[in-house]
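Remarks on the structure that follows.
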Amino acid sequence: MWSGWWLWPLVAVCTADFFRDEAERIMRDSPVIDGHNDLPWQLLDMFNNRLQDERANLTTLAGTHTNIPKLRAGFVGGQNKDAVRRTLEQMDVVHRMCRMYPETFLYVTSSAGIRQAFREGKVASLIGVEGGHSIDSSLGVLRALYQLGMRYLTLTHSCNTPWADNWLVDTGDSEPQSQGLSPFGQRVVKELNRLGVLIDLAHVSVATMKATLQLSRAPVIFSHSSAYSVCASRRNVPDDVLRLVKQTDSLVMVNFYNNYISCTNKANLSQVADHLDHIKEVAGARAVGFGGDFDGVPRVPEGLEDVSKYPDLIAELLRRNWTEAEVKGALADNLLRVFEAVEQASNLTQAPEEEPIPLDQLGGSCRTHYGYSSGASSLHRHWGLLLASLAPLVLCLSLL
């Protein structure tokens with residue numbers, strides 16, 4: 001009888017080691033693509049984007065969820081980089097980071113680029129812009145950001161754009177403006193499809209989720225959202241929307257923020273796996289991905305303290321009888337499938353959307369009115385006020 005008591009801990013340890021070893025074996029061939037990593041924001045917040053500051057060295061960077069050794073330990077092969085503040089400066093810092101650490105990062109703009117990074121053993125760095133305010137309700141700005149490398153756009157952040165409603169509408173903290181998508185918002189979706197830009201529905205209202213899923217000609221992503229049925233936060237995806245995700249072959253990349261995992265300030269790795277299980281059950285294994293939100297949130301689960309812990313999460317999924325194919329899908333294959341479908345649906349030879357948003361829908365007092373009918377005050381025609389139109393963007397997108 002006593003020998004049995006000795007054997008059980010030994011069996012448990014050996015089993016844990018087996019699943020961890022299997023996770024690492026799988027991840028050597030299929031590195032994880034993290035759909036949402038806020039390292040560039042940390043570089044802004046801590047060093048004002050001065051990458052040559054010795055404290056900003058990504059090999060030794062401390063106090064963050066992400067640095068190069070942690071990325072290597074976590075088998076991270078791809079990250080979507082957020083440009084949520086000072087959009088153009090943050091896009092610039094991603095480009096400079098990739099040039100400064102070419103042995104680690106490869107700047108990419110396509111699914112083929114991600115596969116190339118995997119072959120070279122590098123972290124594919126794909127730029128995403130979090131918040132439709134970044135285009136300032138301009139299809140021309142949208143196209144310019146695409147030319148600069150943006151490959152996904154989150155339609156809203158934590159406030160409405162003039163053409164799409166955000167998630168706080170569902171909590172009652174914001175008033176609905178567009179009832180999902182306005183006619184101009186529909187044109188934004190069509191233009192994103194034409195360009196081949198991933199549409200991101202994290203942060204949007206349920207009405208916006210449904211309107212976009214029904215309108216888009218290509219699959220969409222939720223770059224960092226979890227399951228509402230597991231944690232009833234309005235930042236998460238309800239089951240009726242998960243069924244639309246399945247119908248459209250779209251993707252939900254699970255967020256690790258404690259408050260969206262357990263609906264409390266504390267969470268653990270097992271609870272993250274519960275969200276992955278639920279999305280898999282409702283929407284299918286093809287609909288599951290990872291969008292940790294590392295370096296963008298103040299609290300992450302026990303057992304997932306930084307990006308180096310990804311193998312432990314994969315080990316937990318294997319322990320829950322996920323197949324190797326299902327795990328590889330969640331790691332990278334599902335995102336690559338969606339990205340390739342978005343690229344295939346694009347058509348750069350098609351005439352672009354040109355109809356501007358109606359002037360009375362723009363909102364804000366500090367902006368130019370060039371291109372609209374006469375009647376704007378002379379104050380608005382001063383060049384010096386052009387930059388002032390960016391102020392609502394910076395203030396709104398500073399809310400995390």
Side-chain angles (χ1 to χ4, degrees), residues 9 12-13 15-16 19-20 23 32 34-39 41-42 45-46 61-67 69-71 73-76 79 82 84 130 157-158 166-168 170-173 202-203 222-239 241-242 252-282 288-322 327 330-331 398-400:
V13 169
T15 302
F19 287 121
R20 187 59 159 71
V32 62
D34 186 333
H36 195 94
N37 184 290
D38 274 314
L39 176 60
W41 178 81
Q42 290 292 342
D45 187 52
M46 298 169 70
L61 181 64
T64 60
H65 297 143
T66 310
N67 61 27
K70 290 174 182 176
L71 288 168
F75 296 91
V76 178
Q79 299 184 104
D82 298 312
V84 300
E130 185 180 23
H157 197 253
S158 293
N166 85 103
W167 68 285
L168 291 174
D170 297 328
T171 69
D173 293 320
H203 285 281
F222 293 76
S223 70
H224 56 306
S225 297
S226 301
Y228 182 83
S229 288
V230 181
C231 168
S233 165
R234 287 299 180 181
R235 269 286 282 106
N236 291 337
V237 187
D239 283 359
V241 175
L242 286 178
V252 178
M253 309 181 84
V254 169
N255 191 322
F256 297 170
Y257 181 40
N258 289 355
N259 297 64
Y260 303 157
I261 292 297
S262 67
C263 289
T264 69
N265 288 340
K266 293 184 178 180
N268 58 48
L269 180 150
S270 179
Q271 290 171 308
V272 173
D274 291 342
H275 283 264
L276 294 161
D277 276 343
H278 183 81
I279 294 168
K280 176 187 165 190
E281 178 183 353
V282 177
V288 184
F290 303 109
D293 212 356
F294 283 118
D295 285 310
V297 294
R299 294 178 293 278
V300 291
E302 180 182 352
L304 284 170
E305 290 81 7
D306 57 54
V307 296
S308 72
K309 304 296 184 178
Y310 267 113
D312 294 324
L313 180 56
I314 300 307
E316 175 65 17
L317 298 182
L318 293 170
R319 193 174 293 111
R320 295 181 181 214
N321 296 317
W322 284 50
V327 165
L331 285 168
S398 294
L399 302 177
L400 286 178

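In this chain, numbering begins with 1 at the start of the sequence shown. Just so it is clear, the structure is predicted and the values come from calculations on it, not from any experiment.
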Can you check side-chain contact (heavy atoms from CB on, under 4.5 Å) on L242 and F222, steps first, answer last? CA-CA 11 Å; L242 286 178; F222 293 76; over 6 Å; no
What distance separates E302 CD from Q271 CD, expressed to the nearest 0.5 Å? 10.0 Å
Taking side chain as C-beta onward, heavy atoms only, is E281 less than 4.5 Å from D239? no
Distance col, row L269:CG vs E316:CD, nearest 0.5 angstrom, shows 6.0 Å
State, to 0.1 Å, how close C263 and A232 come at their nearest heavy-atom pair, and which atoms those are. SG-N, 3.3 Å
Taking every non-hydrogen atom, the tightest pair across A315 and A23: N-CB, 3.7 Å
State, yes or no, whether a side-chain contact exists between L331 and F75 at a heavy-atom distance under 4.5 Å. no
Check against side-chain contact (heavy atoms from CB on, under 4.5 Å), F290 and L313: CA-CA 10 Å; F290 303 109; L313 180 56; 3.6 Å; yes
Would you mind reporting whether I261 and V300 have side-chain heavy atoms less than 4.5 Å apart? no
Which heavy atom in P238 sits nearest to a heavy atom in N236, and how many Å separate them? CD-O, 3.6 Å
Under the 3.5 angstrom rule, does the side chain of D295 hit a backbone N or O of T66 as a donor-acceptor pair? yes
Under 3.5 Å, side chain of D34 to main-chain N/O of G292, donor-acceptor pair present? yes
Identify, with sequence neighbours excluded, every residue that meets side chain to side chain donor-acceptor pair (under 3.5 Å) alongside R235. H224, S225
Non-hydrogen atoms of S233 and N259 that approach each other most closely: CB-O, 4.3 Å
For S226 and N255, indicate whether the former's side chain and the latter's backbone hold a donor-acceptor pair under 3.5 Å. yes
Among all residues two or more places apart in sequence or in another chain, which pass the ring pair (Phe, Tyr, Trp, His ring centres under 6.0 Å) test with H275? none
Inspect the contact between R319 and D312 and indicate whether a charged nitrogen and a carboxylate oxygen are less than 4.0 angstrom apart. no
Where do R299 and T264 land on the side-chain hydrogen bond (donor to acceptor under 3.5 Å, both in side chains) test, with the steps shown first? CA-CA 10 Å; R299 294 178 293 278; T264 69; over 6 Å; no
All heavy atoms of V252 vs all of I279, minimum pair found to be CG1-CD1, 3.7 Å
Is E305 reaching over with its side chain to a backbone N or O of G303, donor-acceptor style, under 3.5 angstrom? yes
Measure the spacing between CG of D306 and NZ of K70 and express it to the nearest 0.5 Å. 4.5 Å
Please evaluate residues L276 and W322 with respect to the criterion side-chain contact (heavy atoms from CB on, under 4.5 Å), reporting the C-alpha separation (whole Å), side-chain torsions for both, the decisive distance (0.1 Å), and the verdict. CA-CA 10 Å; L276 294 161; W322 284 50; 4.0 Å; yes
Intermediate values then yes/no, side-chain contact (heavy atoms from CB on, under 4.5 Å), H203 and S223: CA-CA 9 Å; H203 285 281; S223 70; over 6 Å; no
Can you measure from NE2 (H65) to CG (L304) and round to the nearest 0.5 angstrom? 10.5 Å
Output the distance between atom OG1 (T64) and atom CE (M46), rounded to the nearest 0.5 Å. 6.0 Å
Can you tell if the side chain of L168 reaches within under 4.5 Å of the side chain of T171, non-hydrogen atoms only? yes
Do side-chain atoms of D38 reach the backbone of V297 as a donor and acceptor pair under 3.5 angstrom? no
Separation between CG (N258) and SG (C231), nearest 0.5 Å, reads 10.0 Å
